[in-house]
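Here the structure is laid out as structure tokens; the discussion comes afterwards.
Proteins get letters first, then strands, A, B, ... in listed order; numbering begins at 1 in each.
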Number of protein chains: 2
Amino acid sequence: MHQPAATIDHVFHALGDATRRAIVVQLGRGPASVSELATPLPISLAAVVQHVQVLEASGLVATRKQGRVRTCSLIPNTLLEAERWLAQRRALWEGRLERLEALMQVRTSIDHAATTAPVDAATEEEPA
Amino acid sequence: MHQPAATIDHVFHALGDATRRAIVVQLGRGPASVSELATPLPISLAAVVQHVQVLEASGLVATRKQGRVRTCSLIPNTLLEAERWLAQRRALWEGRLERLEALMQVRTSIDHAATTAPVDAATEEEPA
DNA sequence: ACAAAAGTCAAGTCGTTACTTAACTGTTGG
DNA sequence: CCAACAGTTAAGTAACGACTTGACTTTTGT
């Protein structure tokens, strides 16, 4: 029970910031201290601490302090939750597409086994 | 070439906002006009238009205007790109874990085929 | 014991961003 | 033709979020 209310909302909000994503990338390569995370970044240590706090609150990273150094590591399961959220939207959408294609196929084969449907044309903006 | 510079940065920034995620959820169920998207939301139509613009710039949604109604739809491939970004961080991390576990297993089986490692204890903060 | 290292905390600044209202354009049904 | 509809644009406001600085705490190496 380290991150009590780690909602999808917090996760995507945390990932919405480029610096925080850079931190996540770095942590992908393995655990790191706050200072190590700060070194390649063009911001102050204090700012990095704040980012780490956000990431921790979101459930994306876990931290553990030993002596004076706080070591941060990724929580893969939270990454997975975000993946699943996206995958679900996509699945719904693609499910729709498939059903629609199926319908179309029925339609065209019933109508008059015709010329492969001209469903395209201009992809952008119609003037009038 | 509808969304010229649709970077991962734009995608995650777009997903960082709760209202925009709500729109994405809605679009998961199928295409919708701007007004339809606005109906369940507690904000003005103009605000929704702005969100749709952000989503379109990010490559997450495509829109097409016919007459006076603009119809929005998801672009599943962009969702997929975000998924992949997350999956890649996770894969790296989990790869590390596996290698580490492998090492541990070698160590323990060499050392003295011993009692299943007591690697746990307190999970949070060490005082001193 | 002391100085440097590694964070932490609290204000405060400043830019960004979500949102509103209002005026406006194009579209459609009657 | 005209009223309502669907959306767009612009300008402004208000809140939020990222970042800084500076003071402070705890830990560690010598």
- In whole angstroms, how far is the P atom of D:dG17 from the CZ atom of A:Phe12? 17 Å

- Grab the NE2-P distance between A:His13 and D:dG17 for me, whole Å please. 5 Å

- Message: It should be established whether B:Gln53 places a side-chain nitrogen or oxygen under 4.0 Å from OP1 or OP2 of nucleotide D:dT9.
- Response: yes

- Passing candidate, side chain to side chain contact (heavy atoms under 4.5 Å, CB included) with A:Ile23, options A:Val54, A:Val61, A:Leu41, A:Asp17: A:Leu41

- Task: Between D:dT8, D:dC19, D:dA10, spot the one nearest the side chain of A:Ala47, thanks.
- Result: D:dC19

- Message: Please determine whether a side-chain nitrogen or oxygen atom of A:Lys65 lies at a distance below 4.0 Å from atom OP1 or OP2 of D:dT27.
- Response: no

- Query: To the nearest 0.5 Å, what is the distance between CD (A:Glu83) and CG (A:Asn77)?
  - Reply: 10.0 Å

- Item | Distance test, side-chain N/O of A:Arg68 to OP1/OP2 of C:dT8, below 4.0 Å | no

- Query: Same hydrophobic cluster for B:Phe12 and A:Leu80, using side-chain heavy-atom links shorter than 4.5 Å among ILVMFWY?
  - Reply: no

- Look at the side chain of A:Ser44 and decide which nucleotide, out of D:dT20, C:dA18, D:dC5, has an atom nearest to it. D:dT20

- Would you mind reading off the distance between B:His51 atom NE2 and C:dA18 atom P, rounded to a whole angstrom? 6 Å

- Message: I want to check one thing: is the phosphate of D:dC5, taken as OP1 and OP2, less than 4.0 Å away from some side-chain N or O of B:Ser33?
- Response: no

- Let me know the distance between CD1 of A:Ile43 and C1' of C:dC14, rounded to the nearest Å. 16 Å

- note: B:Asp9, atom CG; D:dA18, atom C1'; distance rounded to Å ~ 14 Å

- Message: A:Leu27 and side chain to side chain contact (heavy atoms under 4.5 Å, CB included): which single residue from A:Leu74, A:Val52, A:Leu60 fits?
- Response: A:Leu74

- Item | Rounded interatomic separation in angstrom, taking NE2 from A:His10 and C1' from D:dG17 | 14 Å

- Note on the structure: When rounded to the nearest 0.5 Å, the distance separating CD1 of B:Ile75 from CG of B:Leu55 is 10.0 Å

- Short side-chain N/O contact from B:Arg20 to OP1 or OP2 of C:dA18, under 4.0 Å: yes

- Query: When you match A:Thr19 and B:Gln50 each to their closest nucleotide on DNA chain D, which lands nearer the 5' end?
  - Reply: B:Gln50

- Pairwise 5' ranking along DNA chain D for A:Leu45 and B:Thr71, keeping only the more 5' one: B:Thr71

- Rounded to whole angstroms, how far apart are CG on A:Asp17 and C1' on C:dG15? 14 Å

- Item | Nearest-angstrom distance from the residue atom CG of A:Leu41 to C1' of D:dT20 | 15 Å

